[in-house]
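Structure first, commentary second.
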Amino acid sequence: MTDTATRSIAHAQFAIERDVPVAPAVAFQAFADPTIKSKWFGGEEGWEQGEVSADFRVGGVEINEGTFQETMTSRFVATYTDIVENERLVYTYDMWLNGAHISTSVATWEFEPTTIGTKLTLVEFGAHLDGHDTGAQREEGTRELVEALAKYLESVA
């Protein structure tokens with residue numbers, strides 16, 4: 001059987017900055033502690049959680065899979081490549097949607113102390129595969145995640 005799918009790669013980059021009213025150590029823990037991360041990462045209404053695992057160390061792998069409204073299964077698989085406690089995170093991640101590999105990305109997070117808390121800076125470089133999603137779609141979804149993170153951090157401030 002011949003694969004007749006059209007193959008393509010669309011590259012995209014974006015940056016998101018957000019100030020939060022907590023110390024860098026508190027913001028960093030929102031990534032490092034799986035219990036805390038589960039409070040802001042995913043889990044919106046209509047989400048049925050599937051496989052979840054977290055190995056927060058350089059070389060460690062994190063998996064988060066779930067199904068939205070019983071129709072769309074999303075799978076996030078990240079590998080941590082650099083961790084400087086309370087300062088930065090670097091990881092690569094792959095996304096699948098209903099079994100199709102839709103992207104591979106590199107994400108960096110910086111946690112910079114400010115007079116009121118922390119400036120979070122996320123920069124992401126993505127390779128979006130075969131037209132399954134776009135950089136603009138990923139940026140929109142990632143902005144929603146950053147806002148969920150900020151809302152959580154504001155609630156514990």
Side-chain angles (χ1 to χ4, degrees), residues 3 5-18 20 22 25-83 85 88-111 118 120-157:
D3 184 358
T6 300
R7 300 294 181 194
S8 65
I9 300 176
H11 299 96
Q13 174 183 340
F14 59 87
I16 300 171
E17 294 181 347
R18 185 72 158 77
V20 292
V22 296
V26 175
F28 187 84
Q29 278 303 114
F31 290 85
D33 183 324
T35 302
I36 295 172
K37 190 167 186 181
S38 71
K39 294 178 181 181
W40 65 269
F41 190 87
E44 66 256 25
E45 189 175 329
W47 179 259
E48 182 181 327
Q49 190 66 59
E51 180 182 359
V52 175
S53 65
D55 183 5
F56 189 77
R57 64 181 174 85
V58 173
V61 174
E62 178 175 336
I63 298 171
N64 193 314
E65 181 175 281
T67 302
F68 185 67
Q69 297 184 345
E70 300 181 4
T71 60
M72 181 177 65
T73 299
S74 171
R75 182 172 177 84
F76 166 90
V77 179
T79 301
Y80 291 97
T81 61
D82 188 63
I83 299 173
E85 189 171 356
R88 73 172 182 241
L89 296 175
V90 180
Y91 55 89
T92 61
Y93 75 94
D94 289 278
M95 291 292 302
W96 284 266
L97 191 57
N98 292 335
H101 185 207
I102 67 170
S103 66
T104 299
S105 300
V106 175
T108 65
W109 284 87
E110 293 177 88
F111 304 82
T118 302
L120 300 172
T121 302
L122 164 66
V123 177
E124 185 169 314
F125 306 87
H128 302 273
L129 307 173
D130 303 328
H132 292 293
D133 79 340
T134 66
Q137 289 170 313
R138 180 60 50 81
E139 182 175 354
E140 178 183 339
T142 302
R143 282 187 186 282
E144 291 172 8
L145 271 177
V146 171
E147 285 306 309
L149 170 60
K151 184 176 178 180
Y152 168 77
L153 293 172
E154 289 164 0
S155 77
V156 299

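Residues Thr118 and Leu153 are not in side-chain contact: their nearest non-hydrogen atoms beyond the backbone lie 4.5 Å or more apart. No side-chain heavy atom of Tyr152 sits under 4.5 Å from any side-chain heavy atom of Val22. Contact check for Ile83 versus Tyr91: no side-chain heavy atoms found under the 4.5 Å cut-off.
Heavy-atom minimum distance, Gly126 versus Ser105: CA-OG, 3.6 Å. Residues Ile16 and Arg143 share a closest heavy-atom pair of CD1-CG, 3.4 Å.
Counted within 6.0 Å of CD on Gln13, heavy atoms from surrounding residues, nucleotides or ligands total more than 12; the atom is thus considered enclosed.
Here the straight-line distance linking atom CG of Leu122 with atom OG1 of Thr108 works out to 6.5 Å at 0.5 Å rounding. Put simply, OG1 on Thr35 and CD on Gln29 are 10.5 Å apart, with the number rounded to the nearest 0.5 Å.
Listed by chain and number, the residues in a side-chain contact (heavy atoms from CB on, under 4.5 Å) with Glu147 are Arg18 (sequence neighbours excluded). In this structure Ala25 satisfies the side-chain contact (heavy atoms from CB on, under 4.5 Å) test together with Asn86, sequence neighbours excluded. Legend: residues meeting side-chain hydrogen bond (donor to acceptor under 3.5 Å, both in side chains) with Trp40, ordered by chain and number and at least two apart, are absent. With sequence neighbours excluded, the residues satisfying salt bridge (Lys or Arg N to Asp or Glu O under 4.0 Å) with Glu17 are Lys119. Taking Ile9 as the reference, His11, Ala127, Leu129 meet the side-chain contact (heavy atoms from CB on, under 4.5 Å) condition, with sequence neighbours excluded. For Phe76, the ring-ring contact (aromatic ring centres under 6.0 Å, His included) test picks out Phe41, Tyr93, with sequence neighbours left out. Scanning for side-chain hydrogen bond (donor to acceptor under 3.5 Å, both in side chains) contacts around Glu48 gives an empty result, with sequence neighbours left out. Partners of Glu110 under the side-chain hydrogen bond (donor to acceptor under 3.5 Å, both in side chains) rule, at least two apart in sequence or in another chain, do not exist in this structure.
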Enumerate donor-acceptor pairs with a distance under 3.5 Å from any side-chain N or O in residues 94-101 to protein atoms, sequence neighbours excluded.
unit_1, atom_1, unit_2, atom_2, d
Asp94, OD1, His101, NE2, 2.7
Asp94, OD1, Thr104, OG1, 2.5
Asn98, OD1, Thr73, N, 2.7
His101, NE2, Ser103, O, 3.1
His101, NE2, Thr104, OG1, 3.3

Under 3.5 Å, side-chain donor or acceptor atoms of residues 52-64 against the rest of the protein: list the pairs with distances, not counting sequence neighbours.
unit_1, atom_1, unit_2, atom_2, d
Asp55, OD1, Arg57, NE, 3.0
Asp55, OD2, Arg57, NE, 3.0
Asp55, OD2, Arg57, NH2, 3.0
Glu62, OE1, Lys37, NZ, 3.1
Glu62, OE1, Tyr80, OH, 2.4
Glu62, OE2, Lys37, NZ, 2.9
Asn64, OD1, Gln49, NE2, 2.9

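Legend: salt bridge (charged side-chain N to carboxylate O under 4.0 Å, His left out) pairs involving residues 68-80, not counting sequence neighbours, sorted by first then second residue: Glu51-Arg75, Glu65-Arg75. Applying the salt bridge (charged side-chain N to carboxylate O under 4.0 Å, His left out) test to pairs two or more places apart or on separate chains, those with a residue in residues 125-135 are Arg7-Asp130, Asp133-Arg138.
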task: Evaluate the criterion side chain to side chain contact (heavy atoms under 4.5 Å, CB included) for residue pair Val156 and Ile36; output intermediate values, then yes/no.
output: CA-CA 11 Å; Val156 299; Ile36 295 172; over 6 Å; no
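When ring centroids are compared, Phe31 and Phe111 come within the 6.0 Å threshold.
In terms of modelled atom types and a separation under 3.5 Å, the side chain of Thr134 and the main chain of Gly131 share no donor-acceptor contact.
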